[in-house]
Participant: 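The structure follows.
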Amino acid sequence: MLYERRGFRFRSSARMLAALVFILLCIQPGHGQTCTEGFAYDRRSRQCIDVDECRAMPDVCRGDMRCVNQNGGYLCLPRNLYNQPFRPETPALPEPLYPETSLGFPEPFVPDPAGSVEASYPRVRSTAQCILGYAPAEDGSCHDIDECETNTHHCNPTQVCINTEGGYTCSCIEGYWLIGGQCQDIDECRYGYCQQLCANVPGSYSCSCNTGFLLNTDRRTCQDVDECEEEPCSHGCLNSYGSFMCNCDEGFELAVDGITCTDLNECEFSDFLCQHNCANTPGSFYCLCPPGYYVFEDGRSCEDINECDTGNNTCTTEQVCFNFQGGYTCLDPLQCQPPYIEVGDNQCMCSAENPACRDQPFTILYRHMDLSPGRAVPADIFQMQATTRYPGAFYIFQIKSGNDGREFYMRQTSNVSATLVLSRPISGPQEVVLDLEMVTVNNVINFRGSSIIRVTIFVAEHKF
């Protein structure tokens, strides 16, 4: 009886050629995985499984031999081994002995019927002939040999033995694959098993998540954590993917810790936020104005309070209330100094018939005005004009007194008029009294006279 197994030298070149073709057909790529001879890599189970050579190579066994697949190989057994019916062999009975009639036995010996007498020796049943991987049982049948249990397998120490009908399979536990006959750890992290962070461990892997995420129950994917539910911010919170962002109410700014809010001092941003003074408050600010002003509707600029219109003044009934920027003054009734006499509203006259008036201006007119120190220069601030014109006369306009700081000058605009011009910035608060003189000259009648406009200018303290 001839048995043939893979790995033995074939006796014919035809069988060697068939085996070579079979080996080439069985080599299959599996993500770089190779299996030992007689096994092929299964992508689904990620294991090396036995190849049925009898089905893959129908003519692997020649002549009257039958192919029987084995784990990792095959056998060629005689076909009559499978065609012969199983017959338990019965031991031959001893031939009956017949006595000699010459010994004087009158009757011949008749043997008992078959089966009526038990044999005086044990009967031995014939054992069945079982193929490789099976062993005979007591009932005469063949049962599988558990090579893994009996430790008769040839798996490497790194492999796991799995018993099969008539053989066994050498495989690797989950998390390992077979490389060069050895079970080596699979680096699952290379294949993106984890959504975010992955740590490879022997035979397995461990997933974790970045800050701001939680690992889901599938132990692979991560879900965003809504940090705003825990109210980490002192004001407002905006959740984002994997993080959160704090924001602050108007008038506050985010501190360096990114969580708390500190008051924003708007008054330090600019000197022009308020027209006068700025007062900071938590989350806001407000503007202040000096006495004599109020905060305008825009909340920033200052407007003069007209104390004369509001009645919030201390002037008597005999006095006249004059308002200027940031304050007011009470003007006493006009009192003309001799030799002048009062001739009208805010006007004094010195009569030509009075000898004391010979070298004095003919009239003195009193006027009042206010001026802001922030006035752009040059600026026209007052106009003077002759009210009476004489044939052949011409007029000269000049500042007679009061212009000690040289802030003003007269610019003649026509033959009968001139304008008072502010030529230099002026500071306040102060009160400036200017005597503006108009000289009338008539050479025809040899006449020379003058008139005075006494202008009192109240310069405010502030530039608004």
Participant: On a heavy-atom basis, which atom in E227 and which in S243 lie closest, and how many Å separate them?
Facilitator: OE1-O, 3.1 Å
Participant: So, does E268 use its side chain to make a donor-acceptor pair with the main chain of N265 at under 3.5 Å?
Facilitator: no
Participant: Under 3.5 Å, is there a donor-acceptor pair between the side chain of N280 and the main chain of F285?
Facilitator: no
Participant: Any side-chain to backbone donor/acceptor pair from D380 onto Q383? Under 3.5 Å, distance only.
Facilitator: no
Participant: For the pair T440 (side chain) and Y395 (backbone), establish whether a donor and an acceptor sit closer than 3.5 Å, ignoring hydrogens and angles.
Facilitator: no
Participant: Mind running disulfide bond (SG atoms under 2.5 Å apart) on C228 and C237 for me, showing each step along the way?
Facilitator: CA-CA 6 Å; C228 294; C237 180; 2.0 Å; yes
Participant: Below 30° counts as parallel, above 60° as perpendicular, anything between as tilted: where do the rings of W177 and Y191 land?
Facilitator: perpendicular
Participant: Restricting to non-hydrogen atoms, name the atom on T260 and the atom on L254 that form the minimum distance, rounded to 0.1 Å.
Facilitator: O-CD1, 3.6 Å
Participant: Looking only at side chains, do Y328 and T314 share a donor and an acceptor under 3.5 Å apart?
Facilitator: yes
Participant: Atom CG in N442, atom OH in Y390: separation rounded to 0.5 Å?
Facilitator: 9.5 Å
Participant: Answer yes or no: does atom CD of E231 have more than 12 heavy-atom neighbours from other residues, nucleotides or ligands under 6.0 Å?
Facilitator: no
Participant: Taking the six-membered ring for Trp, are H276 and Y293 closer than 6.0 Å centroid to centroid?
Facilitator: no
Participant: Any non-hydrogen side-chain atom of I399 less than 4.5 Å from a side-chain atom of E437?
Facilitator: no
Participant: Looking at I259 and P232, what are the two nearest heavy atoms and their distance?
Facilitator: CG2-O, 2.7 Å
Participant: For the side chain to side chain contact (heavy atoms under 4.5 Å, CB included) test, which of C194, S206, C209 pairs with L215?
Facilitator: C209
Participant: Could you state the interatomic distance from CG (D50) to CG (D42), rounded to the nearest 0.5 Å?
Facilitator: 12.5 Å
Participant: Please enumerate all residues that pass side chain to side chain contact (heavy atoms under 4.5 Å, CB included) together with V295, with sequence neighbours excluded.
Facilitator: C289
Participant: For the atom pair CD (E147) and NE2 (H154), what is the distance rounded to the nearest 0.5 Å?
Facilitator: 9.0 Å
Participant: Checking the side chain of N323 only, and the main-chain atoms of C308 only, is there a donor and an acceptor separated by less than 3.5 Å?
Facilitator: no
Participant: Measure the CD-OG distance between Q196 and S208 for me, rounded to the nearest 0.5 Å.
Facilitator: 8.0 Å
Participant: With a cut-off of 6.0 Å (strictly less than), are more than 12 heavy atoms of other residues, nucleotides or ligands near CG of D218?
Facilitator: yes
Participant: Output, in order, the C-alpha distance, side-chain angles, deciding distance and verdict of side-chain contact (heavy atoms from CB on, under 4.5 Å) for V441 and F447.
Facilitator: CA-CA 6 Å; V441 179; F447 173 81; over 6 Å; no
Participant: Would a distance-only check, ignoring hydrogens and angles, find a side-chain to backbone donor-acceptor pair under 3.5 Å from H153 to C155?
Facilitator: yes
Participant: Decide yes or no on side-chain contact (heavy atoms from CB on, under 4.5 Å) for N200 and D185, but give the supporting numbers first.
Facilitator: CA-CA 9 Å; N200 186 61; D185 175 56; 2.8 Å; yes
Participant: In the structure I gave you, are the side-chain heavy atoms of D224 and F213 within less than 4.5 Å of one another anywhere?
Facilitator: yes
Participant: Show your working on side-chain contact (heavy atoms from CB on, under 4.5 Å) between V343 and I341 and close with a plain yes or no.
Facilitator: CA-CA 6 Å; V343 294; I341 60 175; 4.1 Å; yes
Participant: Can any side-chain N or O of T150 pair as donor or acceptor with the backbone N or O of D146 at less than 3.5 Å?
Facilitator: yes
Participant: Can you label the angle between the F252 ring and the H235 ring as parallel, tilted or perpendicular, going by 30° and 60°?
Facilitator: perpendicular
Participant: For the residue pair E307 and N312, confirm or rule out a side-chain donor-acceptor distance under 3.5 Å.
Facilitator: no
Participant: If we check salt bridge (Lys or Arg N to Asp or Glu O under 4.0 Å) with D435, which of these qualifies: R367, R454, K400?
Facilitator: R454
Participant: Step by step, work out the side chain to side chain donor-acceptor pair (under 3.5 Å) result for D298 and S301.
Facilitator: CA-CA 7 Å; D298 60 4; S301 58; 2.8 Å; yes
Participant: Hey, is CG on D257 packed in by over 12 heavy atoms from elsewhere, all under 6.0 Å?
Facilitator: yes
Participant: Might you work through the disulfide bond (SG atoms under 2.5 Å apart) test for C142 and C130, ending with a clear yes or no?
Facilitator: CA-CA 6 Å; C142 296; C130 299; 1.9 Å; yes
Participant: Between Q275 (side chain) and F272 (backbone), is there a donor-acceptor pair under 3.5 Å?
Facilitator: no
Participant: For M369, is the CE atom crowded, meaning more than 12 foreign heavy atoms sit under 6.0 Å from it?
Facilitator: yes
Participant: Please confirm whether Y193 and Y205 have ring centers closer than 6.0 angstrom.
Facilitator: yes
Participant: More than 12 heavy atoms of other residues, nucleotides or ligands under 6.0 Å from CD of E149: is that the case?
Facilitator: no
Participant: So how far is it from T262 OG1 to E253 CD, rounded to the nearest 0.5 Å?
Facilitator: 4.5 Å
Participant: Using a 6.0 Å cut-off, check whether atom CG of D359 has over 12 heavy atoms from anything other than its own residue.
Facilitator: no
Participant: Apply disulfide bond (SG atoms under 2.5 Å apart) to C248 and C261, showing your working.
Facilitator: CA-CA 6 Å; C248 299; C261 294; 2.0 Å; yes
Participant: Looking at side-chain heavy atoms only, is the closest gap between L436 and I452 below 4.5 Å?
Facilitator: no
Participant: Got a donor-acceptor contact below 3.5 angstrom from the N403 side chain to the F408 backbone?
Facilitator: yes
Participant: Would a distance-only check, ignoring hydrogens and angles, find a side-chain to backbone donor-acceptor pair under 3.5 Å from T310 to N306?
Facilitator: yes
Participant: Does CZ belonging to F464 count more than 12 external heavy atoms closer than 6.0 Å?
Facilitator: yes
Participant: Take F39 and I49, measure what side-chain contact (heavy atoms from CB on, under 4.5 Å) needs, and give me the verdict at the end.
Facilitator: CA-CA 5 Å; F39 293 89; I49 61 174; 5.6 Å; no
Participant: For the atom pair CG (L365) and CD (Q347), what is the distance rounded to the nearest 0.5 Å?
Facilitator: 5.5 Å
Participant: Are the side chains of Y176 and V160 in contact, using a 4.5 Å heavy-atom criterion?
Facilitator: no
Participant: What verdict does the disulfide bond (SG atoms under 2.5 Å apart) test give for C315 and C330, after you've listed the backbone C-alpha separation in whole Å, the side-chain angles of each residue and the deciding distance to 0.1 Å?
Facilitator: CA-CA 5 Å; C315 297; C330 297; 1.8 Å; yes
